[in-house]
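None of the values given here were measured: they were computed from a predicted structure.
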Amino acid sequence: MSTVVNILIDIHKEFSIGSIRDRFLSYSKQNRYSNVQSSVISYDILFSDFFKFFPESLLTSLGIVIKAGHVIGIRKIFWGRRISVNPLYYLLLMTFFSGSVKAFLLDEVKYAPFGSMPWPCLNKLCVNYKKDVIEKVELKNTKTFAKPRGVFKCNTCGFAYSRIGPDCEREDRYQYDLIPETGHVWDGKYEELLKKELIYLSEMTDILGVGDVFLRLRLKEKFGEINLTQARMISLKQIRRNRILDLIKQNPGVKLKEIEIQEAYLIQWLRTYDKQWLQENIPKTRNVLSLKERRDKILEVMKKNPSATRKQLKELDMRNYEWLKKNDLKWFNERLPPIARKRQVNLDVMRNRFLSLRSMYPNANRSELKRFDSSCYQWLKKFDNDWLSSQLPAIVVDRLSEHSITIEIRRERFLKLRKANPNLTRTELKRADPTNYGCLQTGDRDWLEANLPPLKERSGERRPRLTLEERRRLFLEIYKENPEAVVKELRNACGSNYDWLHLNDFEWLKKYLPNIRKQWGRKRKLNSQVSLEQRRELFLTIVRENPKVSRSGLKELYPSLYIWLLRNDKQWLLNQLPPVIR
C-alpha cells in the first residue's frame with residue numbers, strides 16, 4: 001500500500017473521481033464490458049474476468065465481500081453518484097484494467113473499435129475512392145451488446161456508409177452494410193442514368209457501385225411500385241422492332257430468311273417474346289420444293305452417309321425426311337434403310353442366366369440378387385414374375401417387435417444403459433432410449449423409480465419433500481409475523497406453499513384465515529383512519545425487520561402500504577428505499 005501511495009504522490013497530474021470513472025468506462029468499452037452510447041455494464045462478464053485476474057481467496061483475505069458472484073463496492077464505482085467507496089476497490093479495478101495503478105493513470109486509453117483514422121471513402125464515383133480521407137467516425141449502439149456501429153462520411157462527395165464493428169482485419173475497412181447518405185456526386189450520376197432511353201439494372205449497379213436491393217429501393221422511392229422486368233421488356237421490344245424496320249427500309253423486299261442470316265439472335269429473340277408482331281410485319285421466305293427435289297436431297301444425304309440409319313438420316317435432313325414420310329411413304333420405305341428391329345430376348349436364356357446367378361450366390365437375398373444383375377432381374381419381374389417369385393429366396397424378418405419384448409428384457413436394457421452412462425440425468429436417460437423408458441414408465445413405474453438417479457435441484461441437492469404438518473407450520477410462522485396482511489400479501493409471502501395448501505388443505509386454510517370470508521361478495525375498503533406518521537412508522541418497521549430485501553421485495557411484502565406511500569409521500573419513500581441494483 002505504501003508503494004501505491006508513493007506512486008500517487010510522484011505523479012504530477014491532477015485527477016478527479018469523475019475523470020477516473022470516465023477512464024473506467026473507456027476501458028470497459030475497450031474490453032466489451034459496456035455499450036458505446038451508454039454506461040450500462042455487463043457485470044457478469046466483467047466479474048468473470050475479474051475473478052480470473054484476482055482469485056476469490058485473495059479478495060476474501062483483503063476483506064472484500066463477494067455476493068452472488070459480484071463485488072458490490074466495485075459496482076458502486078460505475079453508478080456515477082456521490083457514494084463513498086473504499087479506495088481499495090478503485091486500486092483493484094485500476095490494476096485489473098491496466099496491470100498497475102501507474103499505467104492506469106498515465107497511459108492514454110482510447111476506445112477505437114474501427115482502428116485509427118483516417119478511413120477510406122467507398123463511393124465508386126468519388127475522386128477519392130478507396131483513399132484514406134475520412135477523419136471522423138460516429139459510433140452508435142446496435143442490438144448486439146458491445147458491438148458498435150460506425151458511420152463514416154466523406155466530406156468531398158457527401159457519401160456515408162456504416163458497418164458493425166469492431167474491425168478484425170485490414171480488409172474490414174473496405175466493407176459496409178448500410179448507406180445512410182449517398183451524397184451529391186452519387187445522386188447526380190443516378191439522375192443522369194435515369195434519363196437514358198434504356199438502362200439495365202445490372203448496368204446501373206455496376207456504374208454506381210451499390211447492390212441490387214439498395215438500387216431497387218431507391219427506384220421505388222422515386223417511381224413507386226413498378227415492375228422493372230416488364231418495363232425493361234417493353235423497351236427492348238421497341239428497340240428491336242425498330243432495328244428490324246430499319247433493315248426492311250434499307251433493303252426493300254427483303255425476306256425473313258435473309259434478315260435471319262444477318263441478325264440471327266435478333267430474330268430468335270422476337271420469335272420467343274414478340275412472335276405475333278414478327279408474323280404480322282415480316283414477310284416469310286417462301287421456298288416450296290418439288291417432289292423430285294425433295295427425293296434428290298434425301299438421296300444425296302444417303303449417298304454421303306451410306307451407313308446411316310433412319311434415325312441419323314432424320315437428324316441430317318429433318319424437313320425432307322418428315323415430308324417424304326408423310327406424303328411419299330411407298331418410295332420412302334423402298335429407298336431408305338430398313339427399320340432396325342429390337343433383338344428378341346429368349347425366355348429360357350434369361351431364366352438360365354438367373355439360375356446361374358443363384359448358384360453363384362446361394363446365400364444372397366433379394367436385394368443383392370437384383371443388384372448383381374439388375375437387367376435380368378427386372379426383365380423376369382416384368383415378363384415372367386410367377387417363375388421369378390418361385391425362385392427367389394424367402395423374405396427374412398429378423399427385427400424384433402417392440403411390443404413383444406418382455407419386462408425382464410426391458411429392465412436389463414435399462415440397467416445396461418445406466419451402467420454405461422452413470423452420470424446421465426433422468427431427462428438424458430429418457431432421450432437416450434425413449435421407447436424403452438416410456439414402456440417402463442407406463443408398465444413398471446415402481447421399479448423404474450427405484451433405479452432412476454435422484455431428483456436434483458439446480459443447486460445439486462436433493463429436493464425436499466414437505467409433509468402436511470411442515471407446510472402448516474411454515475404458513476403459521478408467516479401468518480403470525482404479518483397479522484394484518486390480506487390474502488394477496490400472504491400468498492406472495494408464502495409462495496408455492498400457499499398454493500399447495502389452497503389446493504390440498506383448503507378447509508384448514510379457511511379456519512386459520514377468517515379474513516378470506518370477509519372479502520367474499522364485497523370489495524375490501526382501505527382504512528382511511530391511519531395517519532401519514534403511522535404509515536411511515538409501519539414502513540420503517542418493515543425495512544428494519546428486512547434489511548437485505550430489495551425494493552421489489554418490500555413492495556411484495558406489503559403492496560398496499562408501498563403503493564399508498566408512492567402516490568402520496570413519494571419523496572420520503574424514495575429516501576428510505578435501498579439503492580437500485582443495476
Side-chain angles (χ1 to χ4, degrees), residues 189-190 192-208 210-213 215-216 219-220 222-329 331-332 335-337:
K189 188 64 176 180
Y190 172 68
E192 179 187 332
L193 293 174
L194 291 178
K195 292 177 182 178
K196 287 191 174 184
E197 184 178 355
L198 176 68
I199 183 71
Y200 293 98
L201 192 68
S202 58
E203 186 181 350
M204 287 186 72
T205 56
D206 185 57
I207 294 172
L208 297 173
V210 295
D212 179 75
V213 175
L215 190 56
R216 284 177 181 274
L219 290 170
K220 183 179 177 181
K222 189 173 182 65
F223 301 107
E225 292 288 348
I226 58 171
N227 189 331
L228 295 174
T229 305
Q230 186 178 3
R232 185 187 70 172
M233 187 64 71
I234 293 169
S235 301
L236 281 174
K237 282 181 181 178
Q238 194 59 49
I239 290 170
R240 286 173 177 167
R241 284 177 183 180
N242 293 338
R243 172 64 179 155
I244 296 297
L245 293 174
D246 288 341
L247 287 172
I248 294 173
K249 189 176 181 180
Q250 294 170 9
N251 305 280
V254 68
K255 304 295 183 182
L256 179 62
K257 193 71 177 177
E258 298 171 358
I259 297 174
E260 191 172 6
I261 293 171
Q262 298 182 38
E263 299 286 351
Y265 173 78
L266 190 60
I267 296 298
Q268 185 61 39
W269 192 92
L270 290 170
R271 278 179 180 153
T272 306
Y273 299 106
D274 202 12
K275 187 175 181 179
Q276 185 177 354
W277 182 88
L278 187 67
Q279 292 174 348
E280 292 173 357
N281 292 275
I282 311 299
K284 291 184 178 179
T285 305
R286 297 289 180 182
N287 187 13
V288 181
L289 298 177
S290 63
L291 176 62
K292 185 178 181 304
E293 289 174 331
R294 291 187 183 277
R295 287 178 174 178
D296 290 341
K297 278 185 172 292
I298 201 75
L299 289 172
E300 185 180 351
V301 173
M302 291 174 62
K303 186 177 180 180
K304 291 179 180 179
N305 304 277
S307 59
T309 62
R310 290 197 174 198
K311 186 177 180 179
Q312 293 169 338
L313 289 172
K314 181 180 178 180
E315 293 173 355
L316 293 170
D317 192 355
M318 183 178 291
R319 287 187 180 180
N320 288 322
Y321 182 96
E322 293 290 347
W323 192 93
L324 289 169
K325 185 178 179 180
K326 184 178 180 180
N327 300 286
D328 197 14
L329 184 60
W331 181 92
F332 181 84
R335 297 294 187 278
L336 265 67

For this session: Starting at CG of Asp206, measure out to CG of Asp212 and round the result to the nearest 0.5 Å.
Result: 12.5 Å
Exercise. Heavy-atom distance under 4.5 Å between the side chains of Lys311 and Lys314, does that happen here?
Worked result: no
For this session: With rounding to the nearest 0.5 Å, note down the distance linking CZ in Phe332 to CZ in Arg294.
Result: 13.0 Å
Exercise. Roughly how far, to the nearest 0.5 Å, is the CG atom of Leu193 from the CD1 atom of Ile207?
Worked result: 5.0 Å
For this session: Could you tell me whether Asp274 and Arg241 make a salt bridge, using a distance below 4.0 angstrom between a side-chain N and a carboxylate O?
Result: yes
For this session: Would you indicate whether the side-chain heavy atoms of Arg243 and Leu266 approach each other to under 4.5 Å?
Result: yes
Exercise. Hey, what do you get for CD (Glu192) to CG (Leu208), rounding to the nearest 0.5 Å?
Worked result: 10.0 Å
Seminar exercise, completed: d(Met204 CE, Leu215 CG) to nearest 0.5 Å is 4.5 Å
For this session: For Tyr190 and Val210, run side-chain contact (heavy atoms from CB on, under 4.5 Å): C-alpha distance rounded to whole Å, both residues' side-chain angles, the deciding distance at 0.1 Å, then the answer.
Result: CA-CA 11 Å; Tyr190 172 68; Val210 295; over 6 Å; no
For this session: Could you check if a side-chain atom of Met302 sits within less than 4.5 angstrom of a side-chain atom of Leu336, using non-hydrogen atoms only?
Result: yes
For this session: Please report the closest heavy-atom contact between Pro337 and Thr309, naming both atoms and the distance.
Result: CG-C, 4.3 Å
Exercise. Do Trp323 and Leu291 come close enough that some side-chain heavy atom pair is under 4.5 Å?
Worked result: yes
Seminar exercise, completed: Rounding to 0.5 Å, atoms CG (Leu245) and CH2 (Trp277) come to a distance of 4.0 Å
Problem set entry | Stepwise salt bridge (charged side-chain N to carboxylate O under 4.0 Å, His left out) check, Lys304 with Glu300 | CA-CA 6 Å; Lys304 291 179 180 179; Glu300 185 180 351; 3.6 Å; yes
Exercise. Side chains of Tyr321 and Glu315: does their closest heavy-atom pair fall under 4.5 Å?
Worked result: no
